[in-house]
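Written below as structure tokens is the structure these notes are about.
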There are 2 protein chains.
Amino acid sequence: MPTSAPPSNARERQKRERRLALIEAAQRLVGERGLDDVTVEEISSAAGLSTRTFFNYFDSKDDAVLGIQEIGVDAEVRAQFVSGGPTGRLMSDLEALVAGFLDHAAPNIEQGERAMRLMIAEPRLVQRHIAWHQRVVAELEALLSERRTARPSPVDDDTIGMVAGLLLRASALAWARSGYEGDAAAHLPEAVAQLRLLLDD
Amino acid sequence: MPTSAPPSNARERQKRERRLALIEAAQRLVGERGLDDVTVEEISSAAGLSTRTFFNYFDSKDDAVLGIQEIGVDAEVRAQFVSGGPTGRLMSDLEALVAGFLDHAAPNIEQGERAMRLMIAEPRLVQRHIAWHQRVVAELEALLSERRTARPSPVDDDTIGMVAGLLLRASALAWARSGYEGDAAAHLPEAVAQLRLLLDD
DNA sequence: CAGTATTCTTGCAGTGAGTGCAAGTTGCAG
DNA sequence: CTGCAACTTGCACTCACTGCAAGAATACTG
């Protein structure tokens, strides 16, 4: 569902195409020559756009290589979590919330996969990726503090947020290890199980 | 112990002083005018050094504001962990290892505290800090894979590494919340307890 | 369909981070 | 004092990134 969704609007379609073209060019060139030997100008003109336009789409070269974009959760999932649901048990509800984020996390599997591979060769990209990840966690934490009024918890927001982030990332890694089998959220229970296994060791 | 330790060597002393002077200047100026309205040149000359020398000490402006430096663990703690000790139970040994890192993490409490405050005002610094944090976790993960030969575990390195990172950060946050009471490692058990509390909810 | 509003692209000019190099300075050992 | 190694500095340079204003493409209205 995320990979498709073709917009009828001509403007939206071009926007999407240009965005993908920039990511494609960035990943290809960086894969060939390395992150520091490719300039934004080269990426832009490979995608048939001006350097200036590149920066209308991405905040930095690194962001384009990773294909970074804002993600969120469905309003209903959000509302349910904030009001103390769906089960009322924090750990289970956290799982549902993280699953909600994962549903929107991978707009294009091929590009995501290439981004993963590039991160191995270019450690700086890992850092950028984690910075993005952190923004997602910050959003999770905002929901947490809203929920707190409906259903208090003895555990710090910090800790809960970090656990949520851990689950998000562990699921994505497990998904990648499986060769992108099913969707990312399907690997969430596995991540939770691993975490429990470690703690109960 | 970390704050003091004056080196007899004149060269080492100057190096330390210059480093601290750069951090001090960076934090002061950024606190007054904001991260993007202070140039490296201003920081450098406020510290009585050239711009070029600034980059002999730090990789970036952000690093100087955070006072980022490489940290590690004592060789003995490292060796013990790698060979499967000290207790043989992974979760406990992980705790010992994280404590070993925490012992070296805060060379100067005042500057660390100011860095924390600046991170609130400048989100970019949080990202940089997390990137640094990630380097520490990467080192932890290297130790993990070494240990694995001595004492295998059913839990992924990724997951263990993330848990270690979580404990590192949660301890630091708890330490900060306590007003920097005792040393950072003293707050580790609290972090572990919180984590267990959440999982067993 | 014509005309207008809106949104997006682009060139331009500029700031400032960060780097390699080579020459000077400073502390150190014999 | 002399030669050595480490460190600092200025210089020239590349390139990421930004604001601005003009122009092009697209959407909207009657």
Side-chain angles (χ1 to χ4, degrees), chain A residues 6-23 25-27 29-30 32-69 118 122-125 127-128 131-132, chain B residues 6-23 25-27 29-30 32-69 118 122-125 127-128 131-132:
Chain A
S8 54
N9 195 331
R11 207 157 230 166
E12 286 302 312
R13 197 195 55 228
Q14 269 214 339
K15 212 162 161 179
R16 189 191 200 83
E17 280 170 5
R18 285 174 167 161
R19 192 190 145 76
L20 290 178
L22 284 171
I23 298 174
Q27 291 184 337
L29 290 170
V30 169
E32 287 168 10
R33 316 215 300 262
L35 195 51
D36 288 325
D37 286 317
V38 174
T39 67
V40 171
E41 192 183 342
E42 290 170 317
I43 294 170
S44 311
S45 59
L49 295 169
S50 75
T51 305
R52 192 61 188 79
T53 300
F54 175 96
F55 287 106
N56 291 345
Y57 281 84
F58 296 100
D59 286 342
S60 70
K61 182 164 67 175
D62 299 15
D63 281 10
V65 176
L66 294 176
I68 279 180
Q69 66 180 351
L118 288 171
E122 307 276 359
R124 218 178 68 205
L125 291 179
Q127 302 191 352
R128 198 85 183 193
W132 163 83
Chain B
S8 54
N9 194 333
R11 209 157 229 166
E12 286 302 313
R13 197 195 56 229
Q14 270 214 337
K15 211 162 159 180
R16 190 192 199 82
E17 280 171 5
R18 285 175 167 162
R19 192 190 145 76
L20 290 179
L22 284 171
I23 297 175
Q27 291 185 338
L29 290 170
V30 169
E32 288 169 9
R33 316 215 299 261
L35 194 50
D36 288 325
D37 286 318
V38 173
T39 67
V40 171
E41 192 183 343
E42 289 170 319
I43 294 170
S44 311
S45 61
L49 295 169
S50 74
T51 305
R52 192 61 188 80
T53 300
F54 175 96
F55 288 105
N56 291 345
Y57 281 85
F58 297 100
D59 286 342
S60 70
K61 181 166 66 174
D62 299 15
D63 282 10
V65 176
L66 293 176
I68 278 179
Q69 66 181 352
L118 288 171
E122 306 277 359
R124 220 178 68 205
L125 291 178
Q127 302 191 351
R128 199 84 183 192
W132 162 84

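Just so we're on the same page: letters track the sequence lines, and every chain starts at 1. Values below: all heavy atoms of this structure, side chains included; hydrogens, waters and symmetry mates excluded.
- Within the structure, a side-chain polar atom (N or O) of B/N9 is placed less than 4.0 Å from OP1 or OP2 of C/dC28.
- If you measure from atom CD of A/E17 to atom C1' of D/dA25, you get 15 Å, rounded to the nearest angstrom.
- For B/R124, the side-chain hydrogen bond (donor to acceptor under 3.5 Å, both in side chains) partners at least two apart in sequence or on another chain are B/D36, B/D62.
- Between the CG atom of B/L35 and the P atom of C/dG16 there is a distance of 13 Å, given to the nearest Å.
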(request) Would you sort out whether A/R13 and A/E17 count as a salt bridge (Lys or Arg N to Asp or Glu O under 4.0 Å), showing the intermediate values? (result) CA-CA 6 Å; A/R13 197 195 55 228; A/E17 280 170 5; 3.7 Å; yes
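- The minimum heavy-atom distance between A/A47 and A/L22, with the atom names listed, is CB-CD2, 3.6 Å.
- If you measure from atom CZ of B/F58 to atom C1' of C/dA17, you get 16 Å, rounded to the nearest angstrom.
- For the pair A/D62 CG and D/dA16 P, the computed distance is 10 Å after rounding to whole Å.
- Neither side chain, B/S44 nor B/R52, offers a donor N or O lying under 3.5 Å from an acceptor on the other.
- Within the 4.5 Å cutoff, no side-chain heavy atoms of B/W132 are placed close to those of B/D63.
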Would you tabulate the pairs of protein nitrogen or oxygen atoms and nucleotide nitrogen or oxygen atoms of nucleotides 12-14 of chain D closer than 3.5 angstrom?
none

Close N or O pairs between protein and nucleotides 7-14 of chain C (under 3.5 Å):
from, atom 1, to, atom 2, distance (Å)
C/dT7, O2, A/R11, NH2, 3.0
C/dC8, OP1, A/K15, NZ, 3.1
C/dT9, OP1, A/R18, NH1, 3.0
C/dT9, OP1, A/Y57, OH, 2.8
C/dT10, OP2, A/S50, N, 3.1
C/dT10, OP2, A/S50, OG, 3.3
C/dT10, OP2, A/T53, OG1, 2.5

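- The shortest non-hydrogen separation linking B/L66 to B/R128 is CD1-CB, 3.9 Å.
- Spacing between atom CD of B/Q14 and atom C1' of D/dT8 amounts to 11 Å, rounded to whole angstrom units.
- In this structure, the CG atom of A/D59 is 7 Å from the P atom of D/dT18, given to the nearest Å.
- Protein atom CZ of A/F55 is 18 Å distant from nucleotide atom P of C/dT15, rounded to whole Å.
- Atom pair A/E41:CD and D/dT18:C1' shows a separation of 16 Å (rounding to whole Å applied).
- At distances below 3.5 Å, not a single donor-acceptor pair connects side-chain atoms of A/K61 with backbone N or O atoms of A/I43.
- Looking at A/R18 and A/T53, their side chains never bring a donor and an acceptor atom within 3.5 Å of each other.
- Taken from OH in B/Y57 to CG in B/L20, the straight-line distance is 10.0 Å, to the nearest 0.5 Å.
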